[in-house]
Asks: 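Could you have a look at this structure, given as structure tokens, before my questions?
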Amino acid sequence: MLKHIGNRILGLGERSPVMAARGVLPRLYHERVVDHYNNPRNVGSFDKNDPTVGTGLVGAPACGDVMKLQIKVDEEGKITDACFKTFGCGSAIASSSVATEWVKGRQMEEVLSIKNTEIAKHLSLPPVKLHCSMLAEDAIKAAVKDYETKKAKFNGNAETASTEKTA
């Protein structure tokens, strides 16, 4: 039943006789959106207290979408893994899924250049769904900022501890 409802929302179900009589066409999502919605990549979460993990939590009050994107970073600043959890529409889930795929294996400075317009173009999002790709861009930036804050705090604590040992 849930799959049937999801397919109807995504425009994959059959047109009803009422819709056909009125000449109403179902709203269709691009096949990439449907693919990432039906088979989302990198769903899950990391331990937010892990110093190698950055967490970005963003939301859009207008539509109720909430996106959590996390990155795991190595010593050289390369993102080794990424995951997400999103409460929202198919476009928001697809945008999150694409974002996690695009950040993996890249340097942190590099992922900051990912723009919502690139995500929207890749998924062929209509103008009414552009806020979903904006959430993904904001989530990436928030995750990088969170990681950098943790790293600075961790390095500050490490320097304080080594100073206390030498004194």
Asks: To the nearest 0.5 Å, what is the distance between CG on L69 and SG on C83?
Replies: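 One gets 7.5 Å once the value is rounded to the nearest 0.5 Å.
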Asks: Can you sort out the partners of H122 under ring-ring contact (aromatic ring centres under 6.0 Å, His included), two or more places apart, ordered by chain and number?
Replies: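 H122 satisfies ring-ring contact (aromatic ring centres under 6.0 Å, His included) with W102 once adjacent residues are dropped.
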Asks: How close do A120 and S133 get, heavy atom to heavy atom, and via which atoms?
Replies: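 In this case the closest contact between A120 and S133 is CB-OG, 3.7 Å.
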Asks: Using atom types as modelled and distance alone, determine if a side-chain donor or acceptor of K150 lies under 3.5 Å from a backbone N or O of D50.
Replies: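 Judged by distance alone, yes, a pair lies under 3.5 Å.
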Asks: Applying salt bridge (Lys or Arg N to Asp or Glu O under 4.0 Å) as the test, list every pair that has at least one member in residues 85-107; sequence neighbours left out.
Replies: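 Salt bridge (Lys or Arg N to Asp or Glu O under 4.0 Å) check on residues 85-107 returns R41-E101, D81-K104, R106-E110.
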Asks: Not counting sequence neighbours, which residues clear side-chain contact (heavy atoms from CB on, under 4.5 Å) with F84? List them please.
Replies: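 Here the qualifying residues are P40, V43, T86, I93, S96, S97, T100.
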Asks: So, using side-chain hydrogen bond (donor to acceptor under 3.5 Å, both in side chains) as the criterion, who are the partners of N49 when residues are at least two apart?
Replies: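 With sequence neighbours excluded, N49 shows a side-chain hydrogen bond (donor to acceptor under 3.5 Å, both in side chains) to no residue whatsoever.
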Asks: If the condition is side-chain hydrogen bond (donor to acceptor under 3.5 Å, both in side chains), which residues does K48 pass it with, not counting sequence neighbours?
Replies: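 Residues passing side-chain hydrogen bond (donor to acceptor under 3.5 Å, both in side chains) with K48: none at all.
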Asks: Indicate yes or no: at least one non-hydrogen side-chain atom of V66 is less than 4.5 angstrom from one of L57.
Replies: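 With C-beta onward as the side chain, the pair touches.
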Asks: Let me confirm one number: the NZ-CD1 distance from K141 to I114, rounded to the nearest 0.5 Å.
Replies: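 Going from the NZ atom of K141 to the CD1 atom of I114 covers 10.5 Å.
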Asks: In chain order, what residues pass the salt bridge (Lys or Arg N to Asp or Glu O under 4.0 Å) check against D138, with sequence neighbours excluded?
Replies: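 With sequence neighbours excluded, D138 shows a salt bridge (Lys or Arg N to Asp or Glu O under 4.0 Å) to no residue whatsoever.
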Asks: Hey, quick one: are V34 and I119 part of the same hydrophobic cluster, counting side-chain heavy atoms closer than 4.5 Å, chains of contacts allowed?
Replies: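 Linked within one cluster.
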Asks: Could you state whether V111 and V98 fall into the same hydrophobic cluster, counting links through intermediate Ile, Leu, Val, Met, Phe, Trp or Tyr residues with side-chain heavy atoms under 4.5 angstrom apart?
Replies: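 Hydrophobic grouping puts V111 with V98.
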Asks: Is there any side-chain hydrogen bond (donor to acceptor under 3.5 Å, both in side chains) pair reaching into residues 60-79, and which pairs are they, with sequence neighbours excluded?
Replies: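 Qualifying pairs: T55-Q70.
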Asks: Would you please name every residue forming a side-chain hydrogen bond (donor to acceptor under 3.5 Å, both in side chains) with E118, sequence neighbours left out?
Replies: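 None.
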Asks: Any chance you could measure L135, atom CG, to L130, atom CG, to the nearest 0.5 Å?
Replies: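 Going from the CG atom of L135 to the CG atom of L130 covers 11.5 Å.
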Asks: Is there a side-chain contact between C63 and C89 (heavy atoms, below 4.5 Å)?
Replies: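 With C-beta onward as the side chain, the pair stays apart.
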Asks: Not counting sequence neighbours, which residues clear side-chain contact (heavy atoms from CB on, under 4.5 Å) with A94? List them please.
Replies: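 side-chain contact (heavy atoms from CB on, under 4.5 Å) list for A94, sorted by chain: V33, H36, L123.
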Asks: Applying side-chain contact (heavy atoms from CB on, under 4.5 Å), name anything that partners M108, two or more places apart in sequence or on another chain.
Replies: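 For M108, the residues satisfying side-chain contact (heavy atoms from CB on, under 4.5 Å) (neighbours in sequence not counted) are I71, V73, I79, V144, Y147, E148.
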Asks: Taking only residues two or more places apart in sequence or in another chain, which ones pass side-chain contact (heavy atoms from CB on, under 4.5 Å) with K121?
Replies: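 Per chain and number, K121 pairs via side-chain contact (heavy atoms from CB on, under 4.5 Å) with no residue.
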Asks: Within a strict 4.5 Å, meaning less than it, do heavy atoms of the L125 and S95 side chains meet?
Replies: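 In short, these two side chains touch, coming nearer than 4.5 Å.
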Asks: Say you draw a straight line from CE of M134 to CG of N116; how long is it, rounded to the nearest 0.5 Å?
Replies: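 The distance works out to 5.0 Å.
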